[in-house]
Every structure is written in C-alpha cells, then in structure tokens.
Amino acid sequence: HDPLKLIQSYQNEPLLPLEETLYVFQSTIPHLPTQIFEAKQKCRQKSPHGLTLDESAAIYLYSMGDNTDSVYAHLQHAWNSNDPSQMKPWLKYLRLLYHGADKLPNVKGKVWQGIPYSPDGVAEL
C-alpha cells in the first residue's frame, strides 16, 4: 500500500487561510483557535523566503506537536489509519503546509524530530 496515495489530490485544493483549512477540526481538536492564534503571533516577522503568514503559521502549528491535542497528533492519527476518508479533511491544510515548505531553501544535513521516549518502543503523544 502506497501511503502517498492518501494525499495525492492535495495539490488540487485551493490555497486558503489557515483558519479555513482547519475549520472542520474546530470541534475535534481542543483549543484549536488558541493554537492558531499562537502560531500566527509567533510568525508575524516577515519571512526571508517569501512565506505568507498563513504558510509560516501552518508550519509552526505542525511543529507544535507535543501532546494529543495538537494538529500534528490528529494528522498523524489520520495518516496512520491508512484510510483515505480520514485524510480527506486534511488535504486543504496539507496544501497550505506543503506550499509553504516548498518555499524553504534546501539544506544538507541531519534533521531530527523529537518525540516522547518510551522504553517499550511505543511513543504516545
């Protein structure tokens, strides 16, 4: 099974403001408006790479994945389901996220993502 097939149509989605891309999750992700507000406040400085405020905030919001109430945790849950119907609501957000990420320069080096450690090898957010 090719996991990229879950999101293959994200490029067909319109570029929308961050709030609109995540509107469908307002009732399922606690404190989502607060998380979006925080992300936009942290990203107010002009991007040297031409990212819009919404693109920068989408990336920032994704990186705020430190608990079960985060956008990252909910997106990962949908992705891990391997169910296209669970990924479909995320396509608008992914369009904005990837559009912003594509503007960032390529860098050679190691990139690490910190996740909680679990001795049994199963990390839970």
Side-chain angles (χ1 to χ4, degrees):
H1 191 281
D2 182 2
L4 292 179
K5 287 186 178 183
L6 292 171
I7 62 168
Q8 68 186 4
S9 63
Y10 84 90
Q11 297 111 330
N12 300 330
E13 296 293 333
L15 278 173
L16 299 170
L18 181 58
E19 293 84 356
E20 288 183 44
T21 69
L22 294 171
Y23 180 80
V24 68
F25 302 107
Q26 294 255 340
S27 63
T28 56
I29 301 178
H31 315 292
L32 182 59
T34 303
Q35 292 179 40
I36 292 171
F37 178 80
E38 178 185 340
K40 285 195 164 187
Q41 289 300 308
K42 300 284 184 173
C43 296
R44 290 195 101 36
Q45 191 173 24
K46 185 173 170 68
S47 166
H49 307 294
L51 278 77
T52 67
L53 176 59
D54 286 300
E55 292 165 347
S56 293
I59 294 168
Y60 185 90
L61 194 60
Y62 182 79
S63 72
M64 290 171 60
D66 62 350
N67 63 56
T68 57
D69 293 338
S70 68
V71 168
Y72 172 84
H74 284 264
L75 175 56
Q76 285 305 121
H77 178 75
W79 183 269
N80 291 338
S81 75
N82 231 3
D83 180 356
S85 68
Q86 286 197 37
M87 284 304 296
K88 186 169 176 49
W90 289 99
L91 297 181
K92 288 177 177 56
Y93 173 72
L94 290 174
R95 171 75 164 113
L96 181 65
L97 179 68
Y98 290 157
H99 194 266
D102 282 345
K103 291 180 178 180
L104 297 175
N106 293 330
V107 176
K108 280 192 169 198
K110 292 182 181 180
V111 176
W112 297 87
Q113 178 183 10
I115 58 170
Y117 170 74
S118 174
D120 61 4
V122 178
E124 290 189 28
L125 293 176

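Remember, it's a predicted structure, so these values are computed and weren't measured experimentally. Throughout, residue positions are numbered sequentially from 1 according to the sequence presented.
Interatomic distance, E19 CD to L32 CG, rounded to the nearest 0.5 Å: 9.0 Å. Atoms NE2 and CG, on H74 and D69 in that order, are 5.5 Å from each other to the nearest 0.5 Å. Rounding to the nearest 0.5 Å places OG of S70 at 8.0 Å from CD1 of I29. One finds the NZ atom of K88 at 14.0 Å from the CD atom of Q86 (value rounded to the nearest 0.5 Å). In this structure, NE2 on H99 lies 9.5 Å from CG on L51, to the nearest 0.5 angstrom. Here CD of Q41 is found 11.5 Å from OG1 of T34. Values are rounded to the nearest 0.5 Å.
Between Y10 and W90, a ring centre-to-centre spacing not shorter than 6.0 Å is recorded.
S9 places no side-chain N or O within donor-acceptor distance of the main-chain N or O of N12, the cut-off being under 3.5 Å. Between the H77 side chain and the Y72 main chain, no donor and acceptor come within less than 3.5 Å of each other. When atom types are taken as modelled, the side chain of E55 and the backbone of T52 share a donor-acceptor pair closer than 3.5 angstrom.
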Next item on the list: Please assess V71 against F25 for the test side chain to side chain contact (heavy atoms under 4.5 Å, CB included), listing each intermediate value before the final yes or no.
Entry: CA-CA 9 Å; V71 168; F25 302 107; over 6 Å; no

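Side-chain atoms of L97 and L61, non-hydrogen and from C-beta on, never get closer than 4.5 Å to each other. Taking 4.5 Å as the limit, some side-chain heavy atom of P33 sits within range of a side-chain heavy atom of Q26.
For the pair M87 and L6, the tightest heavy-atom approach, listed with the atom from each and the gap, is CB-O, 3.8 Å. Across T21 and L16, no two heavy atoms sit closer than the pair CG2-O, 3.8 Å. Taking each heavy atom of Q35 and P30 in turn, the nearest pair found is NE2-O, 3.2 Å. When all heavy atoms of A58 and Y93 are compared, the pair lying nearest together is O-OH, 2.7 Å. Nearest heavy atom pair, residue L96 against residue L18, reads CD2-CA, 3.7 Å. The minimum heavy-atom distance between A39 and A57, with the atom names listed, is CB-O, 3.7 Å.
In the model, S85 has a side-chain atom that pairs as donor or acceptor with a side-chain atom of D83 under 3.5 Å.
With sequence neighbours left out, the ring-ring contact (aromatic ring centres under 6.0 Å, His included) criterion links Y23 to no other residue. Partners of F37 under the ring-ring contact (aromatic ring centres under 6.0 Å, His included) rule, at least two apart in sequence or in another chain, do not exist in this structure. By the ring-ring contact (aromatic ring centres under 6.0 Å, His included) test, Y60 pairs with no residue at all, sequence neighbours left out.
Within a 6.0 Å sphere centred on NE2 of H49, other residues, nucleotides and ligands contribute more than 12 heavy atoms. Heavy-atom contacts from other residues, nucleotides or ligands closer than 6.0 Å to NZ of K103 number more than 12. Within a 6.0 Å sphere centred on CD of Q45, other residues, nucleotides and ligands contribute 12 heavy atoms or fewer. Within a 6.0 Å radius of NZ in K40, other residues, nucleotides and ligands contribute more than 12 heavy atoms.
Partner of C43 under the side-chain contact (heavy atoms from CB on, under 4.5 Å) criterion, chosen from I59, L53, D54: L53.
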